[in-house]
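Okay, so here's the structure we're looking at.
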Amino acid sequence: QVQLVESGGGLVQAGGSLRLSCAASGRTFSSYVMGWFRQAPGKEREFVAHISWNGGRTYYADSVKGRFAISRDNAKNTMYLQMNSLKPEDTAVYYCAAKSRTYYSGKYYYGPEYDYWGQGTQVTVSS
């Protein structure tokens, strides 16, 4: 199993930047593919970004492409989400998620694909 803890959320003005971190503990971090999801009030959880076990492959939701960047440091057991040019519509609770690469089916955008989730960190973008 792996435990995930997000940090780095906060309040920022539109156009600003934040960097989220997801610290993992437990089994070998590089055994997992990782993702970021978010959920705004009154809305369903949505996919944000995904990164392969070694960082060699990444995917993004169209809404964040070109503004957000996902990365990971397996030596530090940590994944990151650099968020630039933030917009009020980016306001949400952001969650990191993990899936063992042994059982990963390729559905990086599908929440139920992931087995482990963090508690979430709030990101609020003011206009």
**Message:** Tell me whether the NZ or CZ atom of R45 lies within the 45° cone about the ring axis of W117 and under 6.0 Å from its centre.
**Reply:**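 Relative to the ring axis of W117, which defines the angle, R45 lies inside both limits.
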So does [Y] get a backbone contact from the side chain of [X], meaning a donor-acceptor N/O pair under 3.5 Å?
X: R72; Y: W53; answer: yes
X: Y60; Y: I70; answer: yes
X: T28; Y: S30; answer: no
X: T91; Y: T124; answer: no
X: E113; Y: S105; answer: yes

Closest non-hydrogen atom pair, [X] against [Y]:
X: A49; Y: L81; answer: CB-CD1, 4.2 Å
X: P88; Y: A14; answer: CD-CB, 4.1 Å
X: T78; Y: S21; answer: CG2-CB, 4.2 Å
X: R38; Y: S63; answer: NH2-OG, 3.5 Å
X: L4; Y: A24; answer: CD2-CB, 3.7 Å
X: L86; Y: L18; answer: CD1-N, 3.9 Å

**Request:** Would you kindly confirm whether F29 and Y80 end up in one hydrophobic cluster when ILVMFWY residues are joined by side chain heavy atoms under 4.5 Å apart?
**Result:**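 Result: no, two separate clusters.
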Using a 4.5 Å cut-off on heavy atoms from C-beta on, say whether the side chain of [Y] contacts that of [X].
X: V33; Y: I51; value: no
X: L20; Y: V123; value: yes
X: M79; Y: C96; value: yes

**Prompt:** Looking only at side chains, do S25 and Q3 share a donor and an acceptor under 3.5 Å apart?
**Reply:**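 On atom types as modelled, these side chains qualify, holding a pair under 3.5 Å.
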**Request:** Say whether Q82 and S71, considering side chains only, have a donor N or O and an acceptor N or O under 3.5 Å apart.
**Result:**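 No - no donor-acceptor pair under 3.5 Å links their side chains.
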**Message:** If the threshold is 4.0 Å, N to carboxylate O, is there a salt bridge linking K65 and D62?
**Reply:**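 D62 and K65: salt-bridged.
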Rounded to the nearest 0.5 Å, what's the gap from [atom1] on [X] to [atom2] on [Y]? Could you check?
X: Q13; Y: S126; atom1: CD; atom2: OG; answer: 5.0 Å
X: L11; Y: Q122; atom1: CG; atom2: CD; answer: 9.5 Å
X: K99; Y: K107; atom1: NZ; atom2: NZ; answer: 11.0 Å

**Asked** Going through the distances and angles, do R67 and K87 end up as a side-chain contact (heavy atoms from CB on, under 4.5 Å)?
**Response** CA-CA 10 Å; R67 299 188 298 122; K87 304 175 181 180; 3.8 Å; yes
**Item:** side-chain contact (heavy atoms from CB on, under 4.5 Å) evaluation trace for D90 with M83
**Value:** CA-CA 9 Å; D90 294 318; M83 305 186 295; over 6 Å; no
**Item:** Heavy atoms of other groups near R57 CZ, more than 12 under 6.0 Å
**Value:**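 Atom CZ in R57 is not packed in, count stays at 12 or less.
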**Request:** Go through the steps to decide whether Y116 and Y32 satisfy the test side-chain contact (heavy atoms from CB on, under 4.5 Å), and finish with yes or no.
**Result:** CA-CA 10 Å; Y116 305 99; Y32 296 89; 3.9 Å; yes
**Message:** Does S17 form a side-chain hydrogen bond (donor to acceptor under 3.5 Å, both in side chains) with N84? I'd like the steps, not just the answer.
**Reply:** CA-CA 4 Å; S17 299; N84 299 325; 2.9 Å; yes
**Message:** Taking ring pair (Phe, Tyr, Trp, His ring centres under 6.0 Å) as the cut-off, I'd like each qualifying pair that reaches into residues 84-114, sequence neighbours left out, listed once.
**Reply:**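 Checked against ring pair (Phe, Tyr, Trp, His ring centres under 6.0 Å) - neighbours excluded - the pairs reaching residues 84-114 are F37-Y114, F47-Y108, H50-Y104, H50-Y108, Y59-Y108.
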